[in-house]
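To start, the structure under review is shown below, and the notes come after it.
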There are 2 protein chains.
Amino acid sequence: MQSRSLGSKREKAERLLRKHNLKVTVPRLSVLSVISEKETATSQPDLEKVLGKSVDRVTLYRVLNVFEEKGILHKIFDLHGTATYALCSEECPEHIHSEDHVHFTCSKCNSVYCLNEVTIPTIETPIGFRVDAVGINAVGICAQCQSKVN
Amino acid sequence: MQSRSLGSKREKAERLLRKHNLKVTVPRLSVLSVISEKETATSQPDLEKVLGKSVDRVTLYRVLNVFEEKGILHKIFDLHGTATYALCSEECPEHIHSEDHVHFTCSKCNSVYCLNEVTIPTIETPIGFRVDAVGINAVGICAQCQSKVN
DNA sequence: TTAAGTGCAAAATCTTTGCAAATGT
DNA sequence: ACATTTGCAAAGATTTTGCACTTAA
């Protein structure tokens, strides 16, 4: 039972990599594993902390870049301007990562959540501006931090 | 006529500095001058390019940081994650720079515009999330770039 | 006069690049 | 076997810190 679910999780990751013509390697699987585990977007420093020296820092940068280029991950900047990465919900066309969902950033723990359910409103812009995508970032206190405050 | 308008512009900057208990210095006036001149948000590298070596790079960082802390400027990250700065429209309470207006980022020239006229819609979030501010960034092609494409 | 602000040098980060060795298909 | 990917070392870029000198009030 357990080995089955682990297997399928890994197989899913392998399929994802192969679909994008990427070889299945240890660093890539590790990164996918950590990121898919977490509810919030993950930064390079976070990944480095979790993975330790099992994965070289440079490799980490390269893995994240490839994943973003291929549309496996999308990049969001947190309140401090640090890049964080989250799995793209569906098929992202390569290089066009118009954020198609709302992000929530907690000003207390600095976590970035992807809120796929929330609908994005239309934005009116001045004449002459062509809008291709609308990125929305709600800033506040996340559920976790709110309950901790008590 | 010309000297009058120049004078009032500088006086305005001086008043702004004094209001925040900041001394009126050459680097600070230079930064304010450049930023208030431009329609789009300005990055540190941009400022460095414009100001040349008349202002030390370290001073530039410090001026921008103080201005942000005091609520004179607000910080926006462009599509590459580079910090850009724009004048706060009205009185920003210190340290609380909830972006109270919509930003537009041009994916061609990478400029960030502050659209003060556009109203911000309310965003529904999952239960347990407290929203304090909503940041909206419309991405597309700005008026300038559109006309150049022709 | 004196606290605040600047400029320089140097440290600390963060990110990228080049290349030889290792790995996946 | 061969192209890809990795890891290390080193370069490049960005941002911060410490401290003596300068400047605004």
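Reminder, nothing fancy here: chain letters follow the sequence lines and each chain counts from 1.
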message: For A:S43, give me all partners under side-chain hydrogen bond (donor to acceptor under 3.5 Å, both in side chains), at least two apart in sequence or on another chain.
response: A:D46
Contact pattern, 5' to 3', of nucleotides 18-25 of chain D - B, S or - by protein heavy atom under 4.0 Å: B-----BS
field: Net bend of the helix from C:dT1-D:dA25 to C:dT25-D:dA1, end axes of five pairs each, nearest 10 degrees
entry: 40°
field: Flag side-chain contact, heavy atom, 4.5 Å: A:V34 against A:L51
entry: yes
field: Set of side chain to side chain contact (heavy atoms under 4.5 Å, CB included) partners for A:V112, sequence neighbours left out
entry: A:A41, A:I76, A:D78, A:T84, A:H103, A:T105
- prompt: Under the side chain to side chain contact (heavy atoms under 4.5 Å, CB included) test, which residues partner A:N116, sequence neighbours left out?
  reply: A:S89, A:H101, A:C114
- line: Ranking B:N65 and A:P27 by the position along DNA chain D of their nearest nucleotide, the one closer to 5' is A:P27
task: Any ring-ring contact (aromatic ring centres under 6.0 Å, His included) involving residues 120-144 of chain B? Give me the pairs, sequence neighbours left out, ordered by first then second residue.
output: A:F104-B:F129, A:Y113-B:F129
task: Return the value, rounded to whole Å, for the distance between atom CZ of A:R28 and atom P of D:dG7.
output: 11 Å
Every protein N/O within reach of nucleotides 13-15 of chain D N/O, cut-off under 3.5 Å:
residue: D:dT15; atom: OP2; partner: B:Y61; partner atom: OH; Å: 2.7

- request: Could you tell me the separation between the NZ atom of B:K70 and the P atom of C:dA4, rounded to a whole number of Å?
  value: 10 Å
message: In this structure, how many angstroms lie between the C1' atom of C:dT25 and the CG atom of A:L29, rounded?
response: 15 Å
message: Checking contacts here: which listed nucleotide (C:dC8, D:dG7, C:dT6) is nearest the side-chain heavy atoms of B:D56?
response: C:dC8
query: Between A:R62 and A:E69, does at least one N-O distance fall below 4.0 Å, as a salt bridge requires?
result: no
query: Considering residues at least two apart in sequence or located in another chain, which fulfil the side chain to side chain contact (heavy atoms under 4.5 Å, CB included) criterion with B:R15?
result: B:E11, B:K12
- prompt: Quick one: hydrophobic cluster around A:Y61, which other residues, with the 4.5 Å side-chain cut-off, linked directly or via members?
  reply: none
- request: Under the side-chain hydrogen bond (donor to acceptor under 3.5 Å, both in side chains) rule, collect the residues that match up with A:E39, sequence neighbours excluded.
  value: none
task: Could you state the atom-to-atom distance from CG of A:L47 to P of C:dC14 in whole Å?
output: 14 Å
field: Separation of atom CD in B:E48 from atom P in C:dG7, rounded to whole Å
entry: 12 Å
task: Go through the structure and list residues passing side chain to side chain contact (heavy atoms under 4.5 Å, CB included) with A:E14, not counting sequence neighbours.
output: A:R10, A:R18, A:V24, A:L29
query: In whole angstroms, how far is the P atom of D:dT4 from the CZ atom of A:F67?
result: 17 Å
- line: For residues 21-47 of chain A, the ring-ring contact (aromatic ring centres under 6.0 Å, His included) pairs (sequence neighbours left out) are none
message: From NE2 of B:H80 over to P of C:dT16, roughly how many Å is that when rounded to an integer?
response: 12 Å
Distance, rounded to the nearest Å, where A:N21 contributes CG and D:dT5 contributes P: 9 Å
